[in-house]
Undergrad: 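Just passing along the structure, written as structure tokens.
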Amino acid sequence: MLAPMPQARRAPESAPIPKHAARRLLAWYDASARELPWRERGGAPPDPYRVWLSEIMLQQTRVAAVVPYFAEFIRRWPTVEALAAAPLDEVLAAWAGLGYYARARNLHACARRVAGELGGKFPATEEGLCALPGIGPYTAAAIAAIAFGARAAAVDGNVLRVIARLFAVEEPLPAAKPRLAALAKALTPATRPGDYAQAIMDLGATLCAPRDPDCGACPWRGICAARARGIAARLPVRAAKRTRPIRRGIAFWAQRGDGAVLLRRRPDSGLLGGMMEIPSTPWRAEPWELDEALDAAPLASRWRLLPGTVGHDFTHFRLELAVAAGRAREARKVPGEWCALDELSARALPTLMRKVTRHALASLA
DNA sequence: CATCCGTGGTC
DNA sequence: TGACCAAGGAT
């Protein structure tokens, strides 16, 4: 029987770590760093509250989308104690439009933990941070490095891409993540780890972009294995995704004589958890007939289907929502709550429901 | 590990 | 226009 051949593949621990890579990146960062509201200038010590808030908002969300939300949150709740004292519903309403609403619920829960049992102080270690709601491995490392100067490697999507290219790792994600994370950690310097964490993410967000990377301007152009082999643009390799199914439903736009609209609160967990909505049928693959949908209507009325539909793409499915309009003749008790039209903007309505509102108002105008 | 969570930008 | 994907976390 033949003995198995030894693997020719290099173990990750033995991959050569380029000398001075971190120093070179930091020099590039010092010369090119963008000015962002949560970034300290002039060597002022970072405020862990601001670092934490920005990192939660930046999860799977672009800088441009976060900037106005960060400013508004800091204006309304300048400290973790202020945020902890706010009603959850106000926090959800302020978060509306930013997406991934579990982040807002966890944000609030985390603020209460820190302001309460932790005496207003965020933990300074990755382990301590990771135990808090809404803080996972990436965010814990980012806060530990940026706010507390710990030598922690914050490995996000940008870093995975940069490292995959730097070492020309062709193994597909997500299987390659542990290897890439180990390489990222080995590359992290003991000096200025917070600036380094932001620098490598900045590199991924600007020059080392997913497509058409600007390798000629990269501080690592001389040491990048993928660039040397001409394969930078097609790394990292990702496993194929499946196509999104379509779900359909009918939303019920119920208006009272005074113009108020009927809203309903969604369950605390799951899709759009804790947010407000226009009541609707369940969402399913098969289209609905209006007659059949009336079983799910929040009240009896002469419902009529408005022309057109509202389309919205979630991560794992596309939703096509028709809208039925009806009048509530009496002020009798119905499930949910009535909301005046000019107060809708202040409610915790996710983007999908704002689309429904816009659609209904345009059709009825 | 796979799946579920929003939204907006980009080509 | 459809597909990709972004400073991820919870389950």
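Chain A is the first sequence line, chain B the second, and so forth, proteins listed ahead of strands; every chain is numbered from 1.
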Undergrad: Hydrophobic cluster mates of A/Val237, side-chain heavy atoms under 4.5 angstrom, ILVMFWY only, any path?
TA: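 Under the 4.5 Å side-chain rule, A/Val237 groups with A/Ile231, A/Leu235.
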Undergrad: To the nearest angstrom, how far is A/His108 atom NE2 from C/dG9 atom C1'?
TA: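 After rounding, the gap between these two atoms is 19 Å.
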Undergrad: Over how many whole Å does the gap from A/Met275 atom CE to B/dC5 atom P extend?
TA: 15 Å
Undergrad: Rounded to the nearest angstrom, tell me the gap between atom CD1 in A/Ile135 and atom C1' in C/dA7.
TA: 14 Å
Undergrad: Rounded to the Å, how far apart are A/Trp95 CH2 and B/dG6 C1'?
TA: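 Atom CH2 in A/Trp95 sits about 11 Å away from atom C1' in B/dG6.
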Undergrad: Produce the list of close N/O pairs, under 3.5 Å, pairing protein atoms with atoms of nucleotides 7-10 of chain B; give distances to one decimal.
TA:
{"from": "B/dT7", "atom 1": "OP1", "to": "A/Tyr101", "atom 2": "OH", "distance (Å)": "2.7"}
{"from": "B/dT7", "atom 1": "OP1", "to": "A/Thr351", "atom 2": "N", "distance (Å)": "2.6"}
{"from": "B/dT7", "atom 1": "OP1", "to": "A/Thr351", "atom 2": "OG1", "distance (Å)": "3.2"}
{"from": "B/dT7", "atom 1": "OP2", "to": "A/His312", "atom 2": "NE2", "distance (Å)": "2.6"}
{"from": "B/dT7", "atom 1": "O5'", "to": "A/Thr351", "atom 2": "OG1", "distance (Å)": "3.4"}

Undergrad: What integer distance in Å separates A/Leu173:CG from C/dG8:C1'?
TA: 14 Å
Undergrad: Please work out if A/Ser54 contacts a base, only the sugar-phosphate, or nothing of the nucleic acid, heavy-atom cut-off 4.0 Å.
TA: nothing
Undergrad: Please determine whether a side-chain nitrogen of the Lys or Arg among A/Arg192 and A/Asp195 lies less than 4.0 Å from a carboxylate oxygen of the Asp or Glu.
TA: yes
Undergrad: Does the side chain of A/Asn106 come under 3.5 Å of the side chain of A/Arg103 through a donor N or O and an acceptor N or O?
TA: no
Undergrad: Looking at A/Thr61, does any N or O in its side chain come under 4.0 Å of the phosphate oxygens OP1/OP2 on B/dG6?
TA: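 The answer is no; no side-chain N or O of A/Thr61 sits under 4.0 Å from OP1 or OP2.
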Undergrad: Mind checking A/Arg161 for me? I need base, sugar-phosphate or nothing, with any heavy atom below 4.0 Å counting as a touch.
TA: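 Answer is sugar-phosphate: A/Arg161 comes under 4.0 Å of backbone atoms only.
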Undergrad: Find which nucleotide of DNA chain C each of A/Leu132 and A/Trp38 is nearest to by heavy atoms, and output the residue with the more 5' nucleotide.
TA: A/Trp38
Undergrad: Under the 3.5 angstrom rule, does the side chain of A/His359 hit a backbone N or O of A/Pro307 as a donor-acceptor pair?
TA: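 Yes, A/His359 side chain to A/Pro307 backbone: donor-acceptor pair under 3.5 Å.
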Undergrad: Would you mind reading off the distance between A/Arg103 atom CZ and C/dG9 atom P, rounded to a whole angstrom?
TA: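 After rounding, the gap between these two atoms is 11 Å.
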Undergrad: Counting heavy atoms from C-beta on, name the nucleotide in C/dG9, C/dA7, B/dC5 closest to the side chain of A/Gln59.
TA: C/dG9
Undergrad: If the test is side-chain contact (heavy atoms from CB on, under 4.5 Å), which one of A/Leu352, A/Ile278, A/Ile250 qualifies with A/Leu321?
TA: A/Leu352
Undergrad: Mind calculating the distance between CG (A/Asn106) and C1' (C/dT11) to the nearest angstrom?
TA: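 Computing the A/Asn106:CG to C/dT11:C1' distance gives 12 Å.
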Undergrad: Which nucleotide wins on minimum distance to the side chain of A/Arg238, given the candidates C/dA6, B/dC5, C/dG9?
TA: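 Nearest listed nucleotide: C/dA6.
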Undergrad: Answer yes or no: are there more than 12 heavy-atom neighbours, outside A/Arg327 itself, under 6.0 Å from its atom CZ?
TA: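 More than 12 heavy atoms, drawn from other residues, nucleotides or ligands, come within 6.0 Å of this atom.
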Undergrad: For DNA chain B, report each stem as range with range, ordered by first number, or say none. Use Watson-Crick or G-U wobble pairs under 3.5 Å, at least 3 in a row.
TA: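 Detected stem regions: B:2-5 with C:8-11, B:7-11 with C:2-6.
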Undergrad: What's the gap between C/dA7 and B/dA2 when it is taken at their C1' atoms, as a whole Å value?
TA: 23 Å
Undergrad: Salt-bridge test for A/Arg284 and A/Glu292: reply yes if a basic N is under 4.0 Å from a carboxylate O, no otherwise.
TA: yes
Undergrad: Looking at A/Arg347, A/His108, A/Arg265, which one forms a side chain to side chain donor-acceptor pair (under 3.5 Å) with A/Asp89?
TA: A/Arg265
Undergrad: Specify the separation, in whole Å, of atom OH of A/Tyr196 and atom C1' of C/dA7.
TA: 15 Å
Undergrad: Would you say the side chains of A/Tyr138 and A/Gln59 form a donor-acceptor pair under 3.5 Å?
TA: no
Undergrad: Evaluate the side chain to side chain contact (heavy atoms under 4.5 Å, CB included) criterion for residues A/Cys224 and A/Phe167: first the C-alpha distance (whole Å), next the side-chain angles of each, then the deciding distance (0.1 Å), finally the verdict.
TA: CA-CA 7 Å; A/Cys224 179; A/Phe167 294 97; over 6 Å; no
